[in-house]
There are 2 protein chains.
Amino acid sequence: MVTIADVAKAAGVSPSTVSYALSGKRRVSAETRRRVERSVLELGYHPNAGARALAGKRSHILALAVPLRTDVYVPIMMEIATSVAVAARKHGYDVLLITNDEGPDGIRRLAASGLADGVILMDVELDDKRIPTLGDLRTQAALIGLPDDPRGLSCVDHDFSAAGALCADHLADLGHRDIAFIGYGSGIYRRHAGYAERTLAGFRARAKERGLRFLHRPCEGTYEGIAGTLGRILSDRPHTTGFVVQNEGAIGPLLSLLRTSGRTVPEDASVIALCPDHLAEQHAPALTAVTGPAKELGRIAVEQVMSRISASTRGEQPTDELVLLTPTLTVRESTGPVPEHSLI
Amino acid sequence: MVTIADVAKAAGVSPSTVSYALSGKRRVSAETRRRVERSVLELGYHPNAGARALAGKRSHILALAVPLRTDVYVPIMMEIATSVAVAARKHGYDVLLITNDEGPDGIRRLAASGLADGVILMDVELDDKRIPTLGDLRTQAALIGLPDDPRGLSCVDHDFSAAGALCADHLADLGHRDIAFIGYGSGIYRRHAGYAERTLAGFRARAKERGLRFLHRPCEGTYEGIAGTLGRILSDRPHTTGFVVQNEGAIGPLLSLLRTSGRTVPEDASVIALCPDHLAEQHAPALTAVTGPAKELGRIAVEQVMSRISASTRGEQPTDELVLLTPTLTVRESTGPVPEHSLI
DNA sequence: TTGTATGCGTTATCAA
DNA sequence: TTGATAACGCATACAA
């Protein structure tokens with residue numbers, strides 16, 4: 001193993017000079033810096049992480065708490081996780097994976113052992129049990145997702161309320177009057193997942209403003225689930241011409257079933273999805289969709305913890321941030337003007 | 001911060017006794033152990049990770065290299081990743097996420113800095129550029145996936161060849177003679193992803209044995225992609241009655257298109273998928289599918305690195321393991337006997 | 001069965 | 001602009 005002493009010897013300087021040359025925390029002459037950097041490269045020196053953490057009081061590691069659930073759309077979770085890792089690297093940080101099955105204790109352990117300088121919580125629920133734990137520890141944290149009470153925390157999330165409103169507006173603009181909102185399985189609403197509730201609230205409010213009638217139907221993402229739900233929607237409100245879908249698993253079956261029931265999209269029925277663009281484009285017809293920038297979520301969460309960490313290092317009080325990212329509507333082939341005559 | 005000295009004082013013993021009581025590396029009287037454990041709990045002591053790594057020469061961290069690609073089925077990747085994390089915790093290890101965009105350098109950095117005691121590589125390609133790097137470092141590694149040349153390495157993977165053979169056997173048993181194998185996009189075959197090539201090879205060999213005629217068609221997972229592919233299959237081989245699908249995105253469109261073309265599954269055409277069970281069950285009709293135990297992959301990879309790490313700690317030569325997990329066929333509603341009269 | 005003392009490799013303070 | 005040196009908190013070899 002090559003240590004800082006080896007580099008120092010090779011460069012003909014003292015260990016502390018090597019340390020400063022690498023950290024930049026003290027001015028070093030251009031000449032010595034060059035020699036140090038050369039030796040570092042030649043010897044393939046990498047500072048020992050343990051020693052660095054012990055002496056420097058910073059592990060340069062961020063903990064990322066990922067959900068173990070399968071009822072959320074996993075690819076997005078993965079995308080966020082990797083964007084966190086990439087963003088962290090830009091700050092010289094590595095990312096430690098922590099699963100929810102350890103619960104709050106895992107976070108406590110990482111914080112108390114000094115393994116992680118900060119924590120990023122994904123898939124935060126409105127009333128998340130992990131949040132109180134964060135208060136006890138002096139670990140810095142950022143949440144992806146919006147809790148009931150974000151005081152004392154930094155959070156970033158999509159503006160799901162705005163996303164819901166965008167859907168209502170788009171359908172209203174096209175002249176639709178009877179809308180069905182097909183949501184996630186009822187378990188998600190029972191769990192008070194913020195994104196589901198806020199989307200619905202945003203949609204509901206705007207729908208009211210625009211004079212839309214609508215049904216909200218939670219729905220499992222299975223073929224049978226959608227079949228039953230759609231059947232009931234069409235019998236309860238036969239004049240429904242607009243569908244908002246916030247349930248990745250429901251999209252495919254819904255399109256199939258509409259076709260089967262003799263409805264052509266978008267001529268007879270319009271479908272607008274709340275889902276990533278790559279999914280929207282995978283279907284036929286390609287779906288008009290409302291999307292938020294998933295990668296930004298990770299990047300911003302990292303910025304937030306990093307800024308909190310450096311504030312607390314300077315002995316300052318970290319400032320709480322709340323960032324909501326504006327979603328965008330992309331019009332594709334699945335939405336169109338309301339039909340003149342309804343089918344039934 | 002509460003240190004081992006604090007615990008020692010509280011328990012009325014020396015720091016080393018605390019250390020031994022916790023690590024179990026030296027016999028400690030039941031009485032002292034009790035007192036130590038009590039103090040640990042009362043004070044909320046967690047050993048400082050940096051100090052532990054520095055003194056003990058083991059970081060208790062495993063690096064997990066996850067792919068950034070989107071052309072692989074992400075939920076499985078996530079499932080494996082979490083199973084790695086869970087299994088690692090059982091050994092007192094944490095998992096560090098490392099993305100592929102850092103490439104081999106990232107692995108080198110983690111190994112050289114002593115941040116990770118071992119590495120698990122996911123989504124290994126037949127000719128993976130990260131593998132040579134592993135040789136240089138004395139880091140222990142386990143691969144999830146099977147490279148061209150697994151010498152000097154421990155690997156675990158599904159037995160994709162057996163999976164392919166299972167598909168051929170099942171369709172042959174049902175009397176089918178003309179089969180289409182709908183695979184991943186051609187990019188994956190160009191990349192020499194082992195799982196794709198091995199599945200195909202296993203299928204091909206068994207198909208030959210059983211006297212099946214078949215076409216292999218790489219295919220993007222989009223509706224248009226499948227539509228084109230299916231059209232060509234049916235015009236080239238109108239008597240095709242069996243479909244093997246190894247492409248998660250293709251399943252939904254394929255079923256829709258078969259229905260559209262007037263073919264009922266399984267009466268007119270049988271479909272067997274290589275995909276996770278939860279996906280297979282999501283479709284209508286529920287799909288006969290061949291699946292491997294994804295979680296086992298992570299668990300076994302962890303066992304493999306752990307055993308290599310402890311071998312090398314004992315100064316022994318780690319033994320190379322190659323574990324292939326046997327896939328299982330679950331018959332559902334999408335396969336049946338070949339129709340007496342073909343459609344065309 | 002337990003205690004003492006040393007060293008791990010780095011950062012940061014103090015001196016020059 | 002640089003060098004010497006003292007922590008940092010723990011594991012472990014050595015003593016008792």
Side-chain angles (χ1 to χ4, degrees), chain A residues 1-37 39-40 43-61 92 109 111-115 117 310 313-315, chain B residues 1-37 39-40 43-61 92 109 111-115 117 310 313-315:
Chain A
M1 174 192 216
V2 33
T3 73
I4 202 172
D6 300 328
V7 177
K9 201 166 296 174
V13 296
S14 76
S16 61
T17 299
V18 174
S19 175
Y20 285 120
L22 294 180
S23 73
K25 294 195 181 177
R26 183 161 97 174
R27 278 211 51 79
V28 168
S29 76
E31 166 60 12
T32 26
R33 149 160 298 127
R34 221 182 38 71
R35 288 221 309 284
V36 167
E37 280 166 356
S39 305
V40 164
L43 300 178
Y45 169 70
H46 289 270
N48 179 280
R52 196 153 86 111
L54 182 56
K57 312 203 166 301
R58 294 249 297 265
S59 66
H60 298 268
I61 289 180
R109 181 177 59 81
S113 67
L115 222 193
D117 296 336
S310 60
T313 304
R314 289 192 307 269
Chain B
M1 172 189 216
V2 33
T3 73
I4 200 171
D6 300 328
V7 177
K9 201 166 297 174
V13 296
S14 77
S16 65
T17 297
V18 175
S19 175
Y20 286 122
L22 294 180
S23 73
K25 295 197 179 176
R26 184 161 96 172
R27 277 213 54 78
V28 168
S29 74
E31 166 61 12
T32 0
R33 148 159 301 125
R34 221 183 38 71
R35 288 222 307 284
V36 168
E37 279 165 356
S39 305
V40 164
L43 300 177
Y45 168 71
H46 290 270
N48 179 279
R52 197 155 83 112
L54 184 55
K57 311 203 166 304
R58 296 247 298 264
S59 66
H60 298 268
I61 289 179
R109 181 176 60 80
S113 68
L115 222 193
D117 295 337
S310 61
T313 304
R314 291 192 306 269

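Residue numbering restarts at 1 for every chain, and letters A, B, ... go by the order of the sequence lines. Since this is a predicted model, take the numbers as computed values, not measurements. Every heavy atom of this structure was used, including side-chain atoms; hydrogens, water molecules and symmetry mates were not.
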- Return the value, rounded to whole Å, for the distance between atom CD of B/Glu31 and atom P of C/dT1. 13 Å

- Note on the structure: Closest to the side chain of B/Ile4, out of C/dG9, D/dA11, C/dT11, is D/dA11

- For the pair made of CE in A/Met1 and P in C/dG7, what is the distance, rounded to whole Å? 18 Å

- Task: Find the distance A/Arg58:CZ to D/dC8:P and express it as a whole number of Å.
- Result: 18 Å

- Starting from P on D/dC10, measure out to CG on B/Leu22 and report it in whole angstrom. 10 Å

- Could you check A/Arg27 against B/Ala51 and say which one's nearest nucleotide on DNA chain D is further toward the 5' end? A/Arg27

- Task: Apply the side-chain contact (heavy atoms from CB on, under 4.5 Å) test between B/Val18 and each candidate in B/Val28, B/Val13, B/Thr32, B/Asp6; give the one that qualifies.
- Result: B/Val13

- Query: How long is the span from the CD1 atom in B/Ile4 to the NE2 atom in B/His46, to the nearest 0.5 Å?
  - Reply: 13.5 Å

- Task: Report which part of the nucleic acid A/Thr32 touches: base, sugar-phosphate, or nothing (heavy-atom distance under 4.0 Å, all strands).
- Result: sugar-phosphate

- What's the shortest heavy-atom distance between B/Ala10 and B/Leu43, and which atoms? CB-CD1, 4.0 Å

- Item | Nucleotide nearest B/Arg52 when distance is taken to its side chain, options D/dA11, D/dT2, D/dT1 | D/dA11

- Task: Let me know the distance between CG of A/Leu54 and P of D/dA11, rounded to the nearest Å.
- Result: 12 Å

- Query: OP1 or OP2 of C/dA12 sitting under 4.0 Å from any side-chain N/O of A/Lys25?
  - Reply: yes

- Can you measure from NZ (A/Lys9) to OG1 (A/Thr3) and round to the nearest 0.5 angstrom? 8.0 Å

- Query: Counting only heavy atoms not in B/Arg27, do more than 12 fall under 6.0 Å of its CZ?
  - Reply: no

- Between CG of A/Asn48 and C1' of D/dC10 the distance, given in whole Å, is 13 Å

- Query: Nearest 0.5 Å, what's the CG-OG distance between B/Asp117 and B/Ser59?
  - Reply: 3.5 Å

- Can you name the nearest heavy-atom pair linking B/Pro47 to B/Arg52, along with the distance? CB-CD, 4.1 Å

- Separation of D/dT2 P from A/Lys9 NZ (nearest whole Å): 20 Å

- Query: Taking five pairs at each end of the helix from C/dT1-D/dA16 to C/dA16-D/dT1, what angle separates the two helix axes (nearest 10°)?
  - Reply: 30°

- Task: Using a heavy-atom cut-off of under 4.0 Å over every strand shown, decide if B/Ser19 touches base, sugar-phosphate, or nothing.
- Result: base

- Distance below 4.0 Å between B/Thr17 side-chain N/O and C/dT2 OP1 or OP2: no

- What is the minimum heavy-atom distance between B/Arg26 and B/Ser16, and which atoms define it? NH2-OG, 4.3 Å

Protein and nucleotides 4-7 of chain D: nitrogen or oxygen contacts under 3.5 angstrom:
from	atom 1	to	atom 2	distance (Å)
D/dA4	N6	A/Ser16	OG	3.2

- Item | Ionic contact status for A/Arg34 with A/Glu31, cut-off 4.0 Å | yes

